[in-house]
Amino acid sequence: MRCEVAVIGGGFGGTLVAMCLAAQGRDVIVLERERHPRFAIGESSTPLANLVLEDIIRTYSLEALLPLCRYGTWKHSYPKVRCGPKRGFSFFAHEPGRPFEAFSDHRTELLVAANPSQDLADTQWLRSDVDALFSETAKAQGVRVLEGVSVLDAERGRRWKLALLQEAEDASSTPASGRSQSFSADFVIDASGGASPLHTAVGLTDAGESLATRSRAIFSHFEGVETWHTVCSAAGGNLDDHPFPADDAALHHMTREGWIWMLRFDHGVTSVGAVLTDDGKSGSIEEEWKALFERYPSVAAQMSTALPTRPLVRTSRLQRRLRPAAGPDWALLPGAAYFIDPLLSPGNAHTMHGVERLSRIFESWPDRGAMAVGLDEYDSRLQAEVDFMDPLIHGCYLAIDSLPLLAAYTMYYFAGAIHSEERRRDGTAEGADGFLHSHDEAFRGRVMEAYHDLADITEGPVDAGVVEAFASRVAADIEPWNTTGLCDPERQNMYPYK
Ligand SMILES: Cc1cc2nc3c(=O)[nH]c(=O)nc-3n(C[C@H](O)[C@H](O)[C@H](O)COP(=O)(O)OP(=O)(O)OC[C@H]3O[C@@H](n4cnc5c(N)ncnc54)[C@H](O)[C@@H]3O)c2cc1C
């Protein structure tokens with residue numbers, strides 16, 4: 001029971017990093033407490049997630065995963081692995097107690113395309129299927145993947161000693177009746193998605209309170225969700241102007257309480273979740289869910305025939321942060337180190353960056369001195385990125401009551417994301433590139449300044465003049481990186497793929 005690298009957690013992040021290390025000749029084991037297929041949240045991919053995944057696949061010869069980078073190839077090669085097409089991001093602003101109101105200038109809508117066609121689209125991942133496929137592929141690549149094995153504790157000495165609880169084979173047994181074992185490893189990667197078993201062993205600090213974003217979520221999967229296309233047309237929306245079908249997207253319904261996501265899979269199931277900015281409510285989840293939808297008649301119309309396929313989940317505060325994220329013989333994947341918010345779907349793309357960076361660091365194995373330098377950099381870059389992401393997301397919440405203001409602020413995200421995508425595509429991306437172009441001091445500085453100004457602006461009344469001035473400032477700020485016509489007022493919030 002020993003190996004060179006133990007990966008705690010067999011989600012797609014854990015199994016992917018394990019495959020990359022196995023391709024480099026490392027003896028890797030993945031320890032997953034559940035058994036695939038298992039439910040997981042975090043379903044909406046982005047162009048950047050797919051581009052980094054593609055680079056990883058090509059670098060480490062993991063071609064079996066290549067079809068997953070585009071909707072068309074996915075459906076062709078893995079028709080049984082359930083997913084849905086994602087053509088971009090769509091936002092619709094709602095007022096409590098009133099049906100959705102569409103205007104000819106689209107002031108209550110924002111659509112930003114992420115790809116040119118359905119064939120080349122990104123995807124909504126049914127995580128139970130996708131993570132099971134990653135796990136199967138890892139096994140086929142020679143990675144040992146142990147399912148039903150929880151890492152309870154970790155002791156750090158000359159080597160790591162992990163205390164494991166292996167689930168009893170007999171399904172009727174209680175988990176406590178499983179078998180305890182220990183496992184030793186030279187290096188540990190925490191891909192547990194939070195609640196790190198390394199917490200005490202490496203002295204992690206809980207820094208979640210330092211994050212400005214505050215939100216919680218309620219979510220489930222539903223059958224029979226009416227399309228927004230139908231409800232929006234009935235509300236007089238001009239769908240001909242939409243650069244892509246608004247349902248084939250990460251659909252965001254913006255509300256006073258936060259926002260509601262809808263992500264459609266091809267098998268008739270839709271992931272629906274509400275992200276709420278209050279500190280939590282008493283009462284049952286079902287009552288809270290019902291009361292929220294009753295306030296927004298057009299969203300309620302979409303849900304009027306919907307039936308949950310699994311129980312609703314209600315989280316506590318979503319934001320968490322552990323630091324540092326690496327040491328000489330251990331590292332946390334981004335999803336284990338922090339989480340801010342699902343808004344704009346940054347999680348899986350950042351996980352891909354983490355996998356890529358750690359895999360590069362392992363190319364120095366067995367030179368532990370060189371690896372330590374790389375791991376130190378890995379931590380500083382991840383911390384800098386979290387410090388960038390939190391204001392980027394929190395600013396969206398500051399602007400949430402005004403879609404035109406929110407639309408203007410999101411352009412920093414789209415400019416950073418699209419610029420990073422372009423650098424990946426044309427081969428100019430460098431190892432030092434930060435997530436969403438956040439390593440560029442000029443870009444980062446402008447986003448940070450705008451965030452602070454936005455905080456001031458939203459203290460007072462936000463009238464059309466304030467929004468217009470802010471939108472012009474964003475347009476000027478992103479100009480050096482804006483190659484696709486973002487912030488063009490003539491587009492009236494409708495951005496086709498360029
Ligand atoms: C409400 C919500 C919505 C989100 N939506 C999006 C989205 O739309 N798009 C996006 O890009 N990202 C989204 N995310 C983020 C996304 O969930 C993460 O980026 C992603 O799941 C990270 O993958 P991972 O494999 O690192 O971790 P996970 O998917 O969390 O997998 C961790 C695995 O570790 C296992 N594990 C945990 N502890 C132990 C242990 N002690 N021993 C053994 N195994 C263990 C778990 O069983 C699990 O299988 C969302 C997150 C939340 C909370």
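Each ligand, and each atom within it, is numbered from 1 in the order the structure gives. Atom set for the values below is all heavy atoms of this structure, side chains included, hydrogens, waters and symmetry mates excluded. This one's a predicted model, so the numbers in the text were calculated from it and none came from an experiment.
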A.B. asks: Could you work out, for atom 22 (C) of ligand 1, the closest of Thr351, Asp153, Asp131, Val355 by heavy-atom distance?
C.D. replies: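 Among Thr351, Asp153, Asp131, Val355, the closest heavy atom to atom 22 (C) of ligand 1 belongs to Thr351.
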A.B. asks: Can a non-hydrogen atom of Gly273 be found less than 4.0 Å from any atom of ligand 1?
C.D. replies: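 Checking ligand 1 against Gly273, which is what was asked, there is no heavy-atom contact under 4.0 Å.
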A.B. asks: Need the ligand 1 atom indices (1-based, order shown) with element for anything under 4.0 Å from a heavy-atom of Ser345.
C.D. replies: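 Near Ser345, the atoms of ligand 1 are 9 (N), 11 (O).
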A.B. asks: Return yes or no for this condition: an N or O of Gly194 is under 3.5 Å from an N or O of ligand 1.
C.D. replies: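 In fact, backbone or side chain, Gly194 has no N or O that close.
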A.B. asks: Is Ala217 in polar range of ligand 1, meaning some N or O pair under 3.5 Å apart?
C.D. replies: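 No, no N or O pair falls under 3.5 Å.
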A.B. asks: Can Trp481 and Asp440 be counted as having a side-chain donor-acceptor contact under 3.5 angstrom?
C.D. replies: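 Short answer, yes.
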A.B. asks: Once you measure the plane-to-plane angle for Trp228 and Phe92, does it fall in the parallel (<30°), tilted (30-60°) or perpendicular (>60°) bin?
C.D. replies: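 Tilted.
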A.B. asks: Do Tyr495 and Phe414 make the cut of ring centroids closer than 6.0 angstrom?
C.D. replies: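 Ring-ring flag for Tyr495/Phe414: false, centres at least 6.0 Å apart.
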A.B. asks: State plainly whether the residues Arg35 and Glu167 are in salt-bridge range, i.e. N to O under 4.0 Å.
C.D. replies: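 Judged by the 4.0 Å cut-off on N to carboxylate O distance, Arg35 and Glu167 do form a salt bridge.
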A.B. asks: For ligand 1, find out whether one of its N or O atoms is nearer than 3.5 Å to an N or O atom of Ser44.
C.D. replies: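 Yes.
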A.B. asks: Heavy atom to atom 37 (C) of ligand 1, shortest distance: which of Ser192, Ala191, Gly42 holds it?
C.D. replies: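 The residue whose heavy atom sits nearest atom 37 (C) of ligand 1 is Ser192.
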A.B. asks: Please verify the inter-ring angle class for Phe435 with His350; under 30° counts as parallel, over 60° as perpendicular, anything in between as tilted.
C.D. replies: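 Parallel: the ring planes of Phe435 and His350 meet at under 30°.
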A.B. asks: Is the closest heavy-atom distance from Pro197 to ligand 1 below 4.0 Å?
C.D. replies: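 Within the 4.0 Å threshold, so yes.
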A.B. asks: Should Arg424 and Glu356 count as an ion pair when the cut-off is N to O under 4.0 Å?
C.D. replies: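 Glu356 and Arg424: salt-bridged.
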A.B. asks: Could you pull out, from Glu32, Arg127, Arg38, Arg33, the option with a heavy atom nearest to atom 21 (O) of ligand 1?
C.D. replies: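 Nearest option to atom 21 (O) of ligand 1, by heavy atoms: Arg127.
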A.B. asks: With a 3.5 Å cut-off and no angle check, do the side chains of Asp341 and Ser215 form a donor-acceptor pair?
C.D. replies: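 Ser215 and Asp341 do have a side-chain donor-acceptor pair below 3.5 Å.
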A.B. asks: Please confirm whether Thr315 approaches ligand 1 to less than 4.0 Å, judged on its heavy atoms.
C.D. replies: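 No, Thr315 has no heavy atoms under 4.0 Å from ligand 1.
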A.B. asks: Based purely on interatomic distance, does Gly193 place a nitrogen or oxygen under 3.5 Å from a nitrogen or oxygen of ligand 1?
C.D. replies: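 There is no such contact.
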A.B. asks: Whether Arg82 and Asp129 form a salt bridge (side-chain N of Lys/Arg under 4.0 Å from carboxylate O of Asp/Glu) is what I want to check.
C.D. replies: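 Here Asp129 pairs with Arg82 in a salt bridge, since their nearest N and O are under 4.0 Å apart.
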